[in-house]
Amino acid sequence: MDTAADTTTQSAGLTLPAPAKLNRMLHIVGRRADGYHELQTLFQFLDHGDTLQLTSRDDGHIQFCGELGDLAAEDNLIVRAARLLQEHTGTTAGANLSLTKRLPMGGGLGGGSSDAATTLAGLNQLWSLDLDEDQLAGLGLSLGADVPVFVRGHSAWAEGIGERLTRVELDTPWFVVVHPGIGVSTPGVFQAPELTRDTPPITIARAIEGGTSSWRNDCEPTVRQLYPEVAQALDWLNARAPSMLTGTGACVFARVTSQTQALQLQAELECEHPEWHAFSARGLNRSPLLNALHT
Ligand SMILES: C[C@](O)(CO)[C@H](O)COP(=O)(O)OP(=O)(O)OC[C@H]1O[C@@H](n2ccc(N)nc2=O)[C@H](O)[C@@H]1O
Ligand SMILES: Nc1ncnc2c1ncn2[C@@H]1O[C@H](COP(=O)(O)OP(=O)(O)OP(=O)(O)O)[C@@H](O)[C@H]1O
């Protein structure tokens, strides 16, 4: 039994958050030749998300443990991020990666992208690789367009397919986030003929000066049409507080004025709609990942 080695590995471990994101607004301003859509969006983090435990091992093996349904290891963004870092740096180190999954998969909260970013940043530290933020964000982009914002860890205005980022400061209200218990297909939404793809581009200043009451998500009308459960959740929330879709859904979120109001709304919702899942969380302009890495 290799107790001494286990103890050493344990003491070198890290426990890090992989927070959710919200798209506080999302405009589709065009479509590229490869079919991907050009977006303008405001990203903000939530103080709610997954937790990843990372410990180093010296046999080069990447061992994952966690509940991700029937997702194959080669599709798991955590495993892919770890292998990408190994290939890029040539390190001989391996890792045990253990995930506590709280964010619904494919919910528009960016859980998979956030897990990947936490893996990149955590292993960079654990393996003493010394890659800088730009290098990690570049690697992250090859895993998914939403990964760089989680690596950089600041609220951001994003353009392109979401990879051109400008840091911003947004209001940080409480939110009630609701998953209406169904899965939304992101490719399906982006392929829908009725999707609005020609919103005129605006400047960051105009987006921010317009304020929360002017923010909307161009995917919302299409998602409402394709998924009546999302429409029902939005209508229920909108009757009580200003509410929107995040990403392509399925999650929707209500902006409220206090934690008390958030918890009251969540309790009312859980009573009337036990088939939906809800949580309350506060908006953050700095990701809890940055705080955890720099303490
Ligand atoms: C819409 C956002 O939620 C905004 O944060 C994200 O950009 C979506 O990111 P995601 O869920 O990681 O989605 P991806 O796995 O990158 O894309 C799934 C599919 O959606 C379509 N897609 C996605 C993003 C984008 N800007 N244009 C697209 O047309 C593409 O067909 C792509 O194959
Ligand atoms: N570690 C992971 N956690 C969650 N999903 C993962 C992971 N690795 C790969 N995936 C795949 O990525 C898909 C999208 O996951 P994710 O939870 O990031 O979606 P999302 O919340 O809709 O993100 P976005 O807002 O970027 O669209 C999942 O349906 C799943 O197939």
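In each ligand, atom 1 is the first atom listed, and ligand 1 is the first ligand listed.
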Inset, instruction - Among all protein heavy atoms, pick the one closest to atom 18 (O) of ligand 2 and tell me residue, atom and distance. - result: G112 N, 2.8 Å
Inset, instruction - Would you verify that at least one protein heavy atom lies under 4.0 Å from atom 20 (O) of ligand 1, or report that none does? - result: yes
Legend entry - 4.0 Å heavy-atom contact, T186 with ligand 1: yes
Inset, instruction - Looking only at protein heavy atoms, identify the closest one to atom 22 (O) of ligand 2 and say how far it is in Å. - result: G108 N, 2.9 Å
Legend entry - Closer than 4.0 Å: a protein non-hydrogen atom to atom 13 (C) of ligand 2: no
Legend entry - Distance-only side-chain donor-acceptor flag, R286 / T172, under 3.5 Å: no
Legend entry - Residue F43 vicinity, atoms of ligand 1 by number, heavy atom under 4.0 Å: 5 (O)
Inset, instruction - Write out the residue and atom name of the closest protein heavy atom to atom 5 (N) of ligand 2, then the distance separating them to 0.1 Å. - result: M105 CE, 3.6 Å
Inset, instruction - Identify the protein heavy atom lying closest to atom 9 (C) of ligand 2, giving its residue, its atom name and the separation to 0.1 Å. - result: D75 O, 3.2 Å
Inset, instruction - For G35, take its heavy atoms, then give the atoms of ligand 1 lying under 4.0 Å from any of them. - result: 29 (O)
Inset, instruction - Return yes or no for this condition: an N or O of I78 is under 3.5 Å from an N or O of ligand 2. - result: no
Inset, instruction - Considering only NZ, NE, NH1 and NH2 on the basic side and carboxylate oxygens on the acidic side, decide whether R255 and D171 come within less than 4.0 Å. - result: no
Inset, instruction - Could you find the nearest protein heavy atom to atom 24 (P) of ligand 2 and give me its residue, atom name and distance? - result: D146 OD2, 3.6 Å
Inset, instruction - Give yes or no for whether the N/O distance cutoff of 3.5 Å, strictly under, is met between Q191 and ligand 1. - result: no
Inset, instruction - Only heavy atoms count here, so choose which of L22, L109, L77, D146 is nearest to atom 6 (C) of ligand 1. - result: D146
Inset, instruction - Provide, to 0.1 Å, the distance between atom 10 (N) of ligand 2 and the closest protein heavy atom, together with that atom's residue and name. - result: L71 CD2, 3.7 Å
Legend entry - Nearest-neighbour protein heavy atom for atom 15 (O) of ligand 2, which is reported as residue plus atom name and distance: G106 N, 3.7 Å
Legend entry - Short N-O contact, R31 and E38, less than 4.0 angstrom: no
